[in-house]
Amino acid sequence: MNRLLAWTLLALLLAPVSVSAQKFVANYDESKVPDYELPDPLRLASGQPVRTARKWTRKRRPEILRLFQEQVYGKAPGPPPKMVFRLLESSGKALGGKAVRKQVRVLFAGTDQGPRMDLLVYLPAKATAAVPVFVGLNFNGNHAIHSDPAIHLAQSWHRDNAKQGYVNNRATEKSRGLSATRWSVERCLAAGMGVATIYCGDVDPDYHDEFRNGVHPLFYKDGQKTPLADQWGTIAAWAWGLSRAMDYFETDKQIDQERVILLGHSRLGKTALWAGARDQRFAIVISNNSGCGGAALSRRRFGETVWRINNSFPHWFCGNFKKFDNKENQLPVDQHMLLALVAPRPVYIASATGDRWADPRGEFLSALHAEPVYKLLGTEGLGTARMPKADSPIHGRIGYHLRTGPHDVTDYDWQQYIAFARKHFGRK
Ligand code: GTR
């Protein structure tokens with residue numbers, strides 16, 4: 001063996017194993033959850049306590065919002081000045097006469113050449129006044145949320161899955177209605193509420209391409225090729241898309257813009273929380289099984305961790321968030337503070353027994369530790385410190401349930417969300 005080779009081998013042997021080469025083993029043992037201390041939502045970074053609603057609203061809320069913006073999700077721009085809403089299709093007799101259907105194209109740059117998203121809206125046909133609407137992003141295209149043959153097939157990029165009907169990165173007829181069990185459209189309509197949805201891939205395709213596709217390039221400064229470390233990743237872009245849907249609702253007289261309920265599942269649940277935290281036009285925010293980077297406390301390191309999520313999905317959060325890989329205790333925030341940003345508006349956190357990866361207990365504890373802010377603002381909060389048994393929902397100002405079953409959105413979940421919205425909206 002020559003000397004150079006010998007030295008190289010020795011150096012390789014002695015080199016510290018890089019963290020990213022380590023195999024990740026999720027912790028599912030409650031007794032191995034590390035000790036941690038959560039940052040206090042009611043104490044300014046300077047150490048000063050926050051004892052009044054006014055101080056929360058004027059000082060602490062903006063401070064926390066900024067921290068999440070700069071360190072976790074990334075800063076996003078405002079609405080694009082040339083945005084145009086174009087009604088592509090509508091019908092007053094959709095779903096066997098039960099619904100009004102609208103398909104609205106949002107042209108972010110005002111032209112067909114620029115980035116765009118398609119919004120699908122169902123409203124109860126019988127409504128005589130503006131109605132509350134649930135809005136959320138979907139994973140598989142608008143046409144996948146219902147078997148309604150009139151929904152346009154999603155046109156933007158999709159991960160290939162021939163079995164499900166995605167070929168050459170495009171949706172085919174075969175994928176129509178694929179995710180229908182996740183969207184209780186008829187149940188909402190019967191309750192007098194509408195449903196609106198957008199394919200998340202319209203706003204930004206869910207893979208890491210250094211932010212060349214999706215909406216990011218529309219906002220690059222001259223010569224910029226990728227977002228800065230404190231600028232928006234994909235979750236922040238999706239959240240931005242939800243705010244653009246809200247911009248549309250403000251122009252639609254059939255929709256009650258003061259009663260828009262934001263919801264999302266999993267990565268899109270993380271997105272719903274961030275969108276609802278930033279944009280106070282959303283009246284209620286619902287997180288379904290959102291887990292790490294969503295409702296679950298990062299410091300617990302139970303199931304998915306910050307390091308793991310940043311490595312599996314390097315495009316979801318902003319560059320700065322990677323500083324906290326395996327250093328959750330150094331985060332200036334934790335996810336209970338994200339929920340607190342929704343206060344005093346109602347927020348609902350849903351977990352599932354089979355979804356340990358998302359840390360159900362960590363999601364519950366987030367809800368619990370957001371409560372002091374809800375109380376300071378004169379609302380009831382969660383109303384209990386005990387995590388409820390499975391299938392025993394709590395509908396306080398903060399809602400929580402642990403559903404029996406896997407990581408999913410089910411009709412049971414929707415029943416809770418509709419009841420929760422009704423409770424908080426009352427009769428109008
Ligand atoms: C998983 C990811 C979770 C969650 C989930 C989903 O792979 O680790 O954080 O977002 O995907 O979105 O279904």
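Order of listing sets the numbers, starting from 1, for every ligand and every atom in it. Residue numbers count from 1 along this sequence.
Rounded to the nearest 0.5 angstrom, T57 OG1 and L376 CG are separated by 8.0 Å.
Aromatic ring pairs are classed by plane angle as parallel below 30°, tilted from 30° to 60° and perpendicular above 60°; the pair W274 and Y73 is parallel.
The heavy atom nearest to atom 6 (C) of ligand 1, considering only G264, S266, G293, is found in S266. Looking at H407, R267, R308, it is R267 that brings a heavy atom closest to atom 12 (O) of ligand 1.
Screening R86, R105, Q103 for a side chain to side chain donor-acceptor pair (under 3.5 Å) involving D118 leaves a single residue, R105.
Residue W357 has at least one N or O atom closer than 3.5 Å to an N or O atom of ligand 1.
For H424 and F420, the ring centers sit closer than 6.0 Å to each other. Between H143 and Y199, the distance separating the two ring centers is not shorter than 6.0 angstrom. Taking the six-membered ring wherever Trp is involved, the centroid distance between the rings of W240 and F219 falls below 6.0 Å.
The proximity of E304 to ligand 1, defined as any non-hydrogen pair under 4.0 Å, is limited to the side chain.
Set against the non-hydrogen atoms of K270, the atoms of ligand 1 under 4.0 Å away are 3 (C), 4 (C), 9 (O), 10 (O). Atoms of ligand 1 found under 4.0 Å from any heavy atom of I309, numbered from 1 in the order shown, are 9 (O). Atoms of ligand 1 lying under 4.0 Å from any heavy atom of W316, numbered from 1 in the order shown and given with element: 9 (O), 10 (O).
Nearest protein heavy-atom contact of atom 7 (O) of ligand 1 is F313 CZ, 3.3 Å.
Residue-environment remark: NZ (K322) exceeds the threshold of 12 foreign heavy atoms within 6.0 Å.
For H265, the closest heavy-atom approach to ligand 1 does not fall below 4.0 Å.
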